[in-house]
Every structure is written in structure tokens, then in C-alpha cells.
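These notes are about the structure you will find just below.
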Amino acid sequence: QVQLMESGGGLVQAGGSLRLSCAASGSIFDINAMAWYRQAPGKQRELVATITNGGSTNYADSLNGRFTISRDNAKNTVYLQMNSLKPEDTAVYYCNAEIVVLSSSPVTFSTYYTYFEVWGQGTLVTVSS
């Protein structure tokens, strides 16, 4: 019913930049917080950055200001600008969002909100030294 699709991953040399995009689609009424996570080979998935629908942001301490998360609410899209990339940034990057769907009951005709936590399929970022 709703889905996220990431793009923008690839191979880049250390010190370079990449911009990831994640677009939500489907029967969307609203999108609350959106976030980027990453999972390096052999490691657990970790939070990279979050952004609320009002634009408040939060970042993992380890990034030291190299990444910037932003969103375009009109396009239902979140971005991750990654600068000064390091080999340790190599990972699959996943988009996450809380998506609100407005539905109506075919029996009572009342409307209600349903909240979905949705994950994208991931996009691979490889940083060579």
C-alpha cells in the first residue's frame, strides 16, 4: 500500500560525496519522522540521521557533521547528503519512515488513520580508499 524507494548509492573514492534520495509512494495521507540507517558488512544496523515533518534533525555522533539530512514534503522525499566520505562509511543505507494512511470503513463509513513503519530496500554505498 505504501513503499519507500532509495536511489543514489554507488562507488566513490574517499573524500568524495554522494547524495541519497528516498521517495515514498502509495496512499499517503502524511509522513511523520523519516530517517536513514546503515548496515555495514558484519555489523548491526545503526541510525544515521532523523528528520521530523517540521524539519528538526538529529545525527549520529560519529558523523562529525559530514552528513546532512533534508526532506521535501511536497515530493514525499528524504535526502542524505554525504560529504568527506570515508571507507568506514561503506554500508547498505536504508530509508525509514512513519507513513500515515487515511482509510474509511466500508461498513460504518467512518474514517481512521493507520500508521505504518516502512523500510526501503536499501542502496549500497561503497567508499574506496
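These numbers were taken from a predicted model, which means no experiment stands behind them.
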Task: ILVMFWY cluster, L20 and V118 together (side-chain gap under 4.5 Å) - done: yes

Open item on the list: Check whether E6 reaches the backbone of Q121 with its side chain - one donor and one acceptor, N or O, closer than 3.5 Å.
Closed with: yes

TODO: Please name the pair of heavy atoms, one in A14 and one in S129, separated by the smallest distance, quoted to 0.1 Å.
DONE: CB-CA, 4.3 Å

- [ ] Rounded to the nearest 0.5 Å, what's the gap from CZ on R45 to CZ on R38? Could you check?
- [x] 13.0 Å

Open item on the list: Determine whether L85 and F67 satisfy the following criterion, side-chain contact (heavy atoms from CB on, under 4.5 Å), listing intermediate values before the conclusion.
Closed with: CA-CA 9 Å; L85 282 162; F67 292 6; 3.9 Å; yes

TODO: Could you give me the CA-CA distance, side-chain angles and deciding distance for Y113 and L102, then say whether side-chain contact (heavy atoms from CB on, under 4.5 Å) is met?
DONE: CA-CA 5 Å; Y113 298 107; L102 180 63; 3.6 Å; yes

Task: Interatomic distance, K75 atom NZ to S25 atom OG [nearest 0.5 angstrom] - done: 15.5 Å

TODO: Enter the distance from I31:CD1 to N73:CG here, rounded to the nearest 0.5 Å.
DONE: 7.5 Å

TODO: Would you indicate whether the side-chain heavy atoms of I28 and V2 approach each other to under 4.5 Å?
DONE: yes

Task: same_hphob_cluster(V48, V92) at 4.5 Å side-chain heavy-atom cutoff - done: no

TODO: Using the rule that two of Ile, Leu, Val, Met, Phe, Trp, Tyr join whenever any of their side-chain heavy atoms come within less than 4.5 Å, decide whether V127 and L124 are in one cluster.
DONE: no

Task: Any donor-acceptor pair under 3.5 Å from T123 side chain to Y93 backbone - done: no

Task: Minimum heavy-atom distance L11-S128, with the two atoms named - done: CD1-CB, 4.3 Å

Open item on the list: Checking the side chain of S110 only, and the main-chain atoms of T108 only, is there a donor and an acceptor separated by less than 3.5 Å?
Closed with: no

- [ ] Of all the heavy-atom pairs spanning S84 and R66, show the shortest one and how long it is.
- [x] O-NH1, 3.0 Å

TODO: Treating Ile, Leu, Val, Met, Phe, Trp and Tyr as nodes and any side-chain heavy-atom pair under 4.5 angstrom as an edge, say whether W36 and F116 lie in one connected cluster.
DONE: yes

Open item on the list: Set out, in order, the CA-CA distance, both residues' side-chain angles and the distance that settles side-chain contact (heavy atoms from CB on, under 4.5 Å) for N32 and Y115, then state yes or no.
Closed with: CA-CA 9 Å; N32 293 329; Y115 296 81; 3.8 Å; yes

Open item on the list: Tell me if a side-chain donor or acceptor on Y59 pairs with a main-chain N or O of I69 at a distance below 3.5 Å.
Closed with: yes

Task: Y79 side chain reached by D72 side chain, heavy atoms, under 4.5 Å - done: yes

TODO: Check whether any side-chain N or O of R71 sits under 3.5 Å from a backbone N or O of T52 as a donor-acceptor pair, and report yes or no.
DONE: yes

TODO: Evaluate the side-chain proximity of I99 to L4: yes if any heavy-atom separation is below 4.5 Å, no if none is.
DONE: yes

Task: Closest approach of N76 to M34 (non-hydrogen atoms, all atoms of both residues) - done: O-CE, 4.4 Å

Open item on the list: Just so I know, are the side chains of M82 and V125 near enough to count as touching, which here means a heavy-atom distance under 4.5 Å?
Closed with: yes

Open item on the list: Let me check something: do L18 and L63 share a hydrophobic cluster, defined by ILVMFWY side-chain heavy atoms less than 4.5 Å apart, either directly or through other members?
Closed with: yes

Open item on the list: Rounded to the nearest 0.5 Å, what separates atom SG in C95 from atom CE in M5?
Closed with: 11.0 Å

Task: Exercise: identify the closest heavy-atom pair between S70 and V78 - done: O-CG2, 3.2 Å

